[in-house]
Amino acid sequence: MEYQDIIRDWKQQKFKSLYWLEGDEDFFIDQVTSYAEHELLPESERGFNLTVLYGKDTDWSQVINACRRYPMFAERQVVLLKEAQAMRDLLKLETYIDNPLTSTVFVVAHKQGKIDGRSKMAKLIKEKGVLLSTKKLYDNQLPTWVESYVSSRGLAISQKAAILLVDHIGNDLSRISNEIDKLLVNLPAQKKIDEGDIEKYVGISKEYNVFELQNALGQKNTAKVFRIISYFAANPKAAPIQMTLPALYNFFAKVNLIFSIKGGEKEVATALGVHPFFVKDYMNAARQYGPEGTEKAILLLHQYNLRSIGINDSGVEDGELMKELMYKVMN
């Protein structure tokens, strides 16, 4: 079950006695717990029938006692256990999970991992309640997720704007959603978010960013590469060298894989684990550099990454280091 399915059921007044939320992607867990805490009960009932507990400050008996209370002047109560992974003797909740109170909606947020799927607890959760098991999205899934999230908020976003946002923020759905929510406040309804909006409201230059540098480097567009590098040198916070070099290393590592892949763009996208939008850039870079040039770029990026942290370097400024590196990579 996906997190949207749980919230949809709640909106339709469909409830189970237990919702166990676990895994590595906090964003999905937070979406469900936030709805449970702020939307599941009318405001007038929350004072009596909403209990929020934290694993590090709670023991199993307190949780069970809270769950076994009957709601006051209402059909149901909500008990929310946050940070369940920090609670000692968590497995002692088995006795309640095996025989839950139907008038209690018990929501457990167990972040940063999962309980053993072979345990009695895991079997009881699946039998008696709803299990949401989350995991981090792959990088190639992020632009599509952004498009879907924006659509759920009543707007649309161009593919390049979505990629620009993801490229700048990385795999942090909470930060991405926060930036999108800022855009929603500033943009009129039904507008399609474009790169200009990302530049204006998020603070990411649509022309001077790591994504554009990667694209220009892959094309051996010398003028554009050095224009972007000069911008980075003048604006160090826009793309710190410690973030830029690993991104470029990852780009050329993927380019290097192309030489062993059989098939067209679809097969390359699958093998590299990248969004189809990027495939032509990788394939073009493979043609521009060839196997030897790609391997040379990877070795240089490794060498200059060490220099950027002071190894085998006499203190050259980051801007000059990048210019020197770009010249060597493209020649």
Side-chain angles (χ1 to χ4, degrees), residues 1-12 14 19-40 107 109 111 114 130-204 206 209-211 214-215 247 250 254 265-266 268-282:
M1 177 173 281
E2 301 294 331
Y3 82 94
Q4 302 100 318
D5 299 327
I6 294 174
I7 294 174
R8 185 192 62 234
D9 283 352
W10 286 348
K11 288 179 177 179
Q12 296 174 355
K14 298 177 182 177
Y19 294 87
W20 188 278
L21 321 172
E22 66 177 23
D24 300 320
E25 182 48 75
D26 292 352
F27 176 81
F28 300 135
I29 295 174
D30 289 340
Q31 291 292 295
V32 178
T33 55
S34 178
Y35 193 94
E37 184 172 358
H38 301 291
E39 305 291 341
L40 208 50
V107 182
K111 294 182 177 179
K114 305 175 183 179
V130 172
L131 172 65
L132 175 67
S133 185
T134 70
K135 62 181 180 179
K136 288 282 188 182
L137 297 180
Y138 294 113
D139 288 349
N140 64 314
Q141 296 174 309
L142 291 172
T144 301
W145 182 86
V146 168
E147 292 170 15
S148 176
Y149 183 79
V150 170
S151 177
S152 73
R153 306 304 303 273
L155 273 79
I157 186 169
S158 71
Q159 194 171 56
K160 191 166 183 180
I163 291 169
L164 185 60
L165 190 63
V166 167
D167 184 68
H168 178 74
I169 295 176
N171 196 341
D172 187 334
L173 300 190
S174 294
R175 280 192 62 202
I176 292 173
S177 65
N178 286 338
E179 295 297 343
I180 291 171
D181 291 342
K182 289 180 190 176
L183 287 166
L184 296 178
V185 172
N186 290 287
L187 296 176
Q190 306 303 317
K191 185 186 187 305
K192 187 170 186 177
I193 300 168
D194 58 26
E195 304 98 280
D197 298 318
I198 300 296
E199 181 174 37
K200 183 176 180 180
Y201 296 110
V202 182
I204 309 168
K206 64 181 179 181
N209 56 73
V210 176
F211 170 69
Q214 174 181 292
N215 186 39
N250 185 53
K254 284 184 167 64
E265 291 184 8
K266 183 178 180 181
V268 170
T270 301
L272 298 186
V274 301
H275 192 279
F277 183 86
F278 287 111
V279 172
K280 289 183 179 179
D281 293 336
Y282 285 98

**OP:** For side-chain contact (heavy atoms from CB on, under 4.5 Å), just list the numbers for Q214 and D281, CA-CA rounded to whole Å, side-chain angles, deciding distance to a tenth of an Å, and then say yes or no.
**Re:** CA-CA 9 Å; Q214 174 181 292; D281 293 336; 5.8 Å; no
**OP:** Give a yes or no answer on whether the side chain of S34 reaches the backbone of Q31 with a donor-acceptor pair at less than 3.5 Å.
**Re:** no
**OP:** Check A162 against P143 and note the closest heavy-atom contact, atom names and distance.
**Re:** CB-O, 4.0 Å
Original post:
Side chains of Y35 and K11: does their closest heavy-atom pair fall under 4.5 Å?
Top reply: yes
Original post:
With K280, which residues qualify under side chain to side chain donor-acceptor pair (under 3.5 Å), at least two apart?
Top reply: none
Original post:
Does the ring center of Y19 lie less than 6.0 Å from the ring center of Y3?
Top reply: no
Original post:
Can you tell me how far the CG atom of N209 sits from the CD1 atom of I163, to the nearest 0.5 Å?
Top reply: 11.0 Å
Subject >> Residue pair V32, L132: steps toward the side-chain contact (heavy atoms from CB on, under 4.5 Å) verdict >> reply: CA-CA 10 Å; V32 178; L132 175 67; 4.1 Å; yes
**OP:** Write down the atom of S158, the atom of E195, and the distance for their closest heavy-atom approach.
**Re:** OG-OE1, 3.5 Å
Original post:
Once you round to the nearest 0.5 Å, how far does CG of D5 lie from CZ of R8?
Top reply: 4.5 Å
Original post:
If you take all heavy atoms of D24 and K136, which pair is closest and at what distance?
Top reply: O-CE, 3.6 Å
Subject >> Gap between atom CG of L165 and atom CD1 of I180 - 0.5 Å precision >> reply: 5.5 Å
**OP:** Check whether any side-chain N or O of D9 sits under 3.5 Å from a backbone N or O of I6 as a donor-acceptor pair, and report yes or no.
**Re:** no
Original post:
Which atom names give the shortest non-hydrogen contact between L164 and K206, and what distance separates them?
Top reply: CD2-CA, 4.0 Å
Subject >> Distance in Å, L155 CG paired with L184 CG, rounded so as to fall on 0.5 Å steps >> reply: 5.5 Å
**OP:** Go through the steps to decide whether I169 and E179 satisfy the test side-chain contact (heavy atoms from CB on, under 4.5 Å), and finish with yes or no.
**Re:** CA-CA 10 Å; I169 295 176; E179 295 297 343; 3.6 Å; yes
Original post:
Which residues pass the side-chain contact (heavy atoms from CB on, under 4.5 Å) test with E22, sequence neighbours left out?
Top reply: W20, H110, K114, I115, L131, S133
Original post:
Judged by atom type as modelled, is there a donor-acceptor pair below 3.5 Å linking the side chain of T33 to the main-chain atoms of I29?
Top reply: yes
Original post:
Can you tell me how far the CD atom of E265 sits from the CG atom of L272, to the nearest 0.5 Å?
Top reply: 11.5 Å
**OP:** Specify the closest pair of heavy atoms between A269 and P276, including all atoms of both residues, with the distance to one decimal.
**Re:** CB-CA, 4.4 Å
Subject >> Donor-acceptor contact below 3.5 Å, side chain Q12 vs main chain K14 >> reply: no
**OP:** Please step through side-chain contact (heavy atoms from CB on, under 4.5 Å) for the pair E25 and L173, ending with a clear verdict.
**Re:** CA-CA 8 Å; E25 182 48 75; L173 300 190; 3.7 Å; yes
**OP:** Take R153 and D181, measure what salt bridge (charged side-chain N to carboxylate O under 4.0 Å, His left out) needs, and give me the verdict at the end.
**Re:** CA-CA 9 Å; R153 306 304 303 273; D181 291 342; 2.5 Å; yes
Subject >> Pairs involving residues 148-168, ordered by first then second residue, that meet ring-ring contact (aromatic ring centres under 6.0 Å, His included) (sequence neighbours left out) >> reply: W145-Y149
**OP:** Looking only at non-hydrogen atoms, find the nearest pair between N140 and G273 and report the distance.
**Re:** CB-O, 2.9 Å
Original post:
Can you list the residues that meet the side chain to side chain donor-acceptor pair (under 3.5 Å) rule with K254, with sequence neighbours excluded?
Top reply: N250
Original post:
K266: what forms a side-chain contact (heavy atoms from CB on, under 4.5 Å) with it, not counting sequence neighbours?
Top reply: none
Original post:
Once you round to the nearest 0.5 Å, how far does OG1 of T134 lie from CG of D26?
Top reply: 7.0 Å
Original post:
Does the N178 side chain pair with the main chain of S174, one donor and one acceptor, at a distance under 3.5 Å?
Top reply: yes
Original post:
Sequence neighbours excluded, which residues qualify as side-chain contact (heavy atoms from CB on, under 4.5 Å) partners of D197?
Top reply: L183, L187, K191, I193, D194, Y201
